[in-house]
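FYI, side chains are in, hydrogens and waters are out, and symmetry mates aren't considered; it's all heavy atoms of this structure. Sequential numbering from 1 along the given sequence is applied to the chain's residues. Every value quoted in this text rests on a predicted model; they were computed, and no experiment measured them.
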Amino acid sequence: MYKFLKIASALIILILISSNIYLFLRGVNLSNEIHTFENKISKLEKENDRFESEIYKIQSHTQSASIAAELNFGKFNAPIYGTSKKYALK
């Protein structure tokens, strides 16, 4: 009976040690995957920021163009000087 308990306890200890090693290696593998995903996320965030700035730039140009069209601005408008009596009185 004593021999059986000794073998059973040794077997249980080996199972616990092997499961501990397996869980440790699995944790290392998951850590590497998390690191890979964090790198992908940072790249996507940078790309998103770049796209956002391009969109804002396009929106700014289109808004400026629409306001210029409403105010009847052309490509080359003559400058207005304040020396003329017509504009100086306003």
Side-chain angles (χ1 to χ4, degrees):
M1 184 71 174
Y2 178 72
K3 198 173 192 181
F4 174 74
L5 288 175
K6 194 174 183 181
I7 292 173
S9 63
L11 187 63
I12 290 173
I13 289 174
L14 285 176
I15 290 172
L16 289 174
I17 289 173
S18 62
S19 64
N20 194 11
I21 290 172
Y22 171 76
L23 290 175
F24 175 75
L25 293 176
R26 184 72 179 143
V28 169
N29 188 19
L30 287 174
S31 171
N32 288 336
E33 288 181 18
I34 288 171
H35 183 67
T36 303
F37 288 130
E38 285 178 349
N39 286 340
K40 287 180 182 180
I41 287 172
S42 66
K43 287 178 185 177
L44 288 174
E45 284 175 347
K46 288 178 184 176
E47 188 178 7
N48 189 23
D49 289 341
R50 186 176 57 85
F51 286 148
E52 232 176 79
S53 64
E54 287 180 16
I55 287 171
Y56 289 143
K57 188 186 294 183
I58 290 171
Q59 285 178 344
S60 174
H61 288 306
T62 55
Q63 185 176 7
S64 299
S66 66
I67 291 172
E70 288 175 10
L71 297 175
N72 295 325
F73 284 134
K75 265 191 170 179
F76 300 103
N77 290 323
I80 299 174
Y81 298 105
T83 56
S84 173
K85 290 180 184 178
K86 177 180 176 186
Y87 297 110
L89 294 176
K90 288 187 178 181

Pairing residues for Leu30 by the side-chain contact (heavy atoms from CB on, under 4.5 Å) criterion, not counting sequence neighbours: Arg26, Glu33
Name all residues meeting the side-chain contact (heavy atoms from CB on, under 4.5 Å) criterion together with Asn20; count only those two or more places apart in sequence or in a different chain, and write none if there are none.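 Applying side-chain contact (heavy atoms from CB on, under 4.5 Å) to Asn20 gives none.
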Can you measure from [atom1] ([X]) to [atom2] ([Y]) and round to the nearest 0.5 angstrom?
X	Y	atom1	atom2	answer
Ile41	Asn48	CD1	CG	12.5 Å
Phe37	Asn32	CZ	CG	11.5 Å
Ile7	Tyr2	CD1	OH	11.5 Å

Applying salt bridge (charged side-chain N to carboxylate O under 4.0 Å, His left out) as the test, list every pair that has at least one member in residues 37-62; sequence neighbours left out.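 Qualifying pairs, neighbours excluded: Arg50-Glu54.
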Clusters formed by hydrophobic residues whose side-chain heavy atoms approach within less than 4.5 Å: which one holds [X], and what are its other members?
X	value
Ile12	Leu16
Tyr22	Leu23
Ile13	Ile17, Ile21, Phe24, Leu25, Val28

Between the main-chain N or O of Gly27 and the side-chain N or O of Ser31, is there a donor-acceptor pair closer than 3.5 Å? no
